[in-house]
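Residue numbers count from 1 along this sequence.
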Amino acid sequence: ILARYLLMLSFNNCLDVAKHLPYLFHIIAFLVCTGPISLRASLHGLVINIIHSLCTCTKPSFSEETQRVLRLSLDEFSLQKFFLLFGISKVKSAAVTAFRSSIRHATERWYNVERTFSGANNEREKMPLTSLETIIDALL
């Protein structure tokens with residue numbers, strides 16, 4: 001829930017991304033290879049929103065070269081390669097997945113019903129440590 005809250009706050013730079021960048025990257029580094037697919041989709045969306053906010057913010061102002069690198073990073077994180085690294089390669093829309101799965105799980109807990117949903121096996125997909133390394137290198 002808190003990752004989704006950060007995702008929403010990072011849209012349109014409501015979070016003051018530049019000021020909180022180290023903390024946001026720290027949170028992403030800790031959580032990126034854990035949890036259900038909805039969490040990983042939320043973290044991917046958070047990264048995209050952070051980079052987009054940095055591209056569009058007026059303070060601090062970045063040089064033309066830095067702006068170019070940020071735009072390239074935004075394009076890079078939108079590639080299928082990074083969907084695979086985040087463990088969300090099998091979803092059609094990361095943004096929809098970030099919120100849809102949480103509703104299903106909340107409903108399941110609310111009614112205290114144990115059910116097997118299609119695709120539940122992919123919820124806890126194991127991710128290699130090299131995925132984390134590649135993501136962190138890209139963030140740095």
Stepwise side-chain contact (heavy atoms from CB on, under 4.5 Å) check, Asp75 with Leu79: CA-CA 7 Å; Asp75 290 341; Leu79 294 174; 6.0 Å; no
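Although no hydrogens or angles enter the test, the distance criterion places no donor-acceptor pair under 3.5 Å between the side chain of Thr66 and the main chain of Phe62. Listed for the Ser53 side chain is a donor-acceptor partner under 3.5 Å among the backbone atoms of Ser10.
Linking Ile, Leu, Val, Met, Phe, Trp and Tyr whenever their side-chain heavy atoms come within less than 4.5 Å puts Val17 and Leu140 in one cluster. No continuous path of ILVMFWY side-chain contacts below 4.5 Å connects Leu72 to Ile136, so the two sit in separate hydrophobic clusters. Grouping the Ile, Leu, Val, Met, Phe, Trp and Tyr side chains by contacts below 4.5 angstrom, directly or via other members, places Leu31 with Leu129. Cluster membership check: Val47 shares its hydrophobic cluster with Tyr5, using side-chain heavy-atom separations under 4.5 Å among Ile, Leu, Val, Met, Phe, Trp and Tyr.
Below 30°, between 30° and 60°, or above 60°: for His44 and Phe83 the angle between ring planes is between 30° and 60°, a tilted geometry.
Shortest non-hydrogen contact noted between Ser78 and Ile48 is OG-CD1, 3.7 Å. Shown here for Leu132 and Ala29, the closest heavy-atom pair between the two residues is CD1-O, 3.6 Å. Here the shortest heavy-atom pairing between Ala3 and Leu39 reads CB-CD1, 3.5 Å.
In this structure, Ile135 CD1 and Cys33 SG are separated by 5.5 Å, a value rounded to the nearest 0.5 Å. For the atom pair CG of Leu21 and CD1 of Ile51, the computed distance is 9.5 Å after rounding to the nearest 0.5 Å. Atom CG of Leu46 sits about 15.5 Å away from atom CZ of Arg40, to the nearest 0.5 Å. For the atom pair Arg4 CZ and Leu43 CG, the distance stands at 10.0 Å (nearest 0.5 Å). Once rounded to the nearest 0.5 Å, the distance linking OG of Ser73 with CZ of Arg68 reads 9.5 Å. With values rounded to the nearest 0.5 angstrom, Glu133 atom CD is found 7.0 Å from Thr130 atom OG1.
Looking at residues two or more places apart in sequence or on another chain, you find a side-chain contact (heavy atoms from CB on, under 4.5 Å) between His20 and Asp16, Tyr23, Leu24. Partners of Phe11 under the ring pair (Phe, Tyr, Trp, His ring centres under 6.0 Å) rule, at least two apart in sequence or in another chain, do not exist in this structure. Among residues two or more places apart in sequence or in another chain, the ring pair (Phe, Tyr, Trp, His ring centres under 6.0 Å) test is passed with Phe82 by Phe77.
Here the side chains of Ile50 and Ile28 are in contact, with some heavy-atom distance below 4.5 Å.
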